[in-house]
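For reference, the structure is listed below as structure tokens.
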Amino acid sequence: MIYCVEDERNIRELLVYTLETTGFEAEGFETGAELDTAMKKNLPELILLDIMLPGLDGFQVCRQIREKRNIPILLVSARQEDVDKIRGLGLGADDYIVKPFSPGELVARVKAHLHRYQQLTGQHTGNQLLQRGDLSIDREGHRVYLKGKEVPMPNKEFSLLLFLAENPGVVFSKETLFERIWGEDSLGDTATVSVHVNRIREKIEFSTTKPEYIETVWGVGYRFRK
Ligand code: CA
């Protein structure tokens, strides 16, 4: 559920409509006071908050919510000066959207913030545990278990292993893997990928020369065994 606080009826209806047509549940409120009353009954997953509101303005409402709640707040503003304030004040808002906004941008921002919060709070409802042979990969907890025993795995090794394990049977070139895990602008090269694959193998493979999980496809790259 997403709560939208906006005193201008047209914009409020547009916000709710845009969210509902993309599959979200949304409810509109005219003032911070109305939002406060609603939040005593039900907490939303995210709040879109207009700044120019009758009564308490969006800045004040944002500050009040932040004192108590860790819910993503996206401020909606028509003015550049407000945007400057949002940046400067440290209000605890997660983002801001400038009016007039495009529905596509609104939805993209909402999704991005929901996703980030779900990751932070571990509320992801998807399949958390990926099972491959004796290997269990806890996507959200960033942990790897071999026969039930935890294998310490730093971030990049974890991401690389998870990516390969999520795509069993598919060969990826070192270039592709480097781009996916490190990002195009990162320092390093395809040798980084080999180094990490070797480290992972030392941790999860019974024999690193005859790997059960991550196979080398000579001249091409790596493949997680199906
Ligand atoms: Ca307004």
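Remember, it's 1-based here, ligands and their atoms both numbered in the order they're listed.
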* Check: K111 and F24 side chains under 4.5 Å, non-hydrogen atoms -> yes
* To do: Take K174 and D189 through the test salt bridge (Lys or Arg N to Asp or Glu O under 4.0 Å) and record every step on the way to the result.
  => CA-CA 9 Å; K174 291 178 191 175; D189 54 33; over 6 Å; no
* Structure fact -> the Ca ion (ligand 1) has as its nearest N, O or S atom from D7 the atom OD1
* Asked: Has E8 got an N, O or S atom lying less than 3.0 Å from the Ca ion (ligand 1)?
  -> no
* Close side-chain approach of S173 to Y222, heavy-atom, < 4.5 Å -> no
* side-chain hydrogen bond (donor to acceptor under 3.5 Å, both in side chains) partner of S136, the single match among K147, Q131, R143 -> Q131
* Asked: Closest to the Ca ion (ligand 1), which N/O/S atom of D50 is it?
  -> OD2
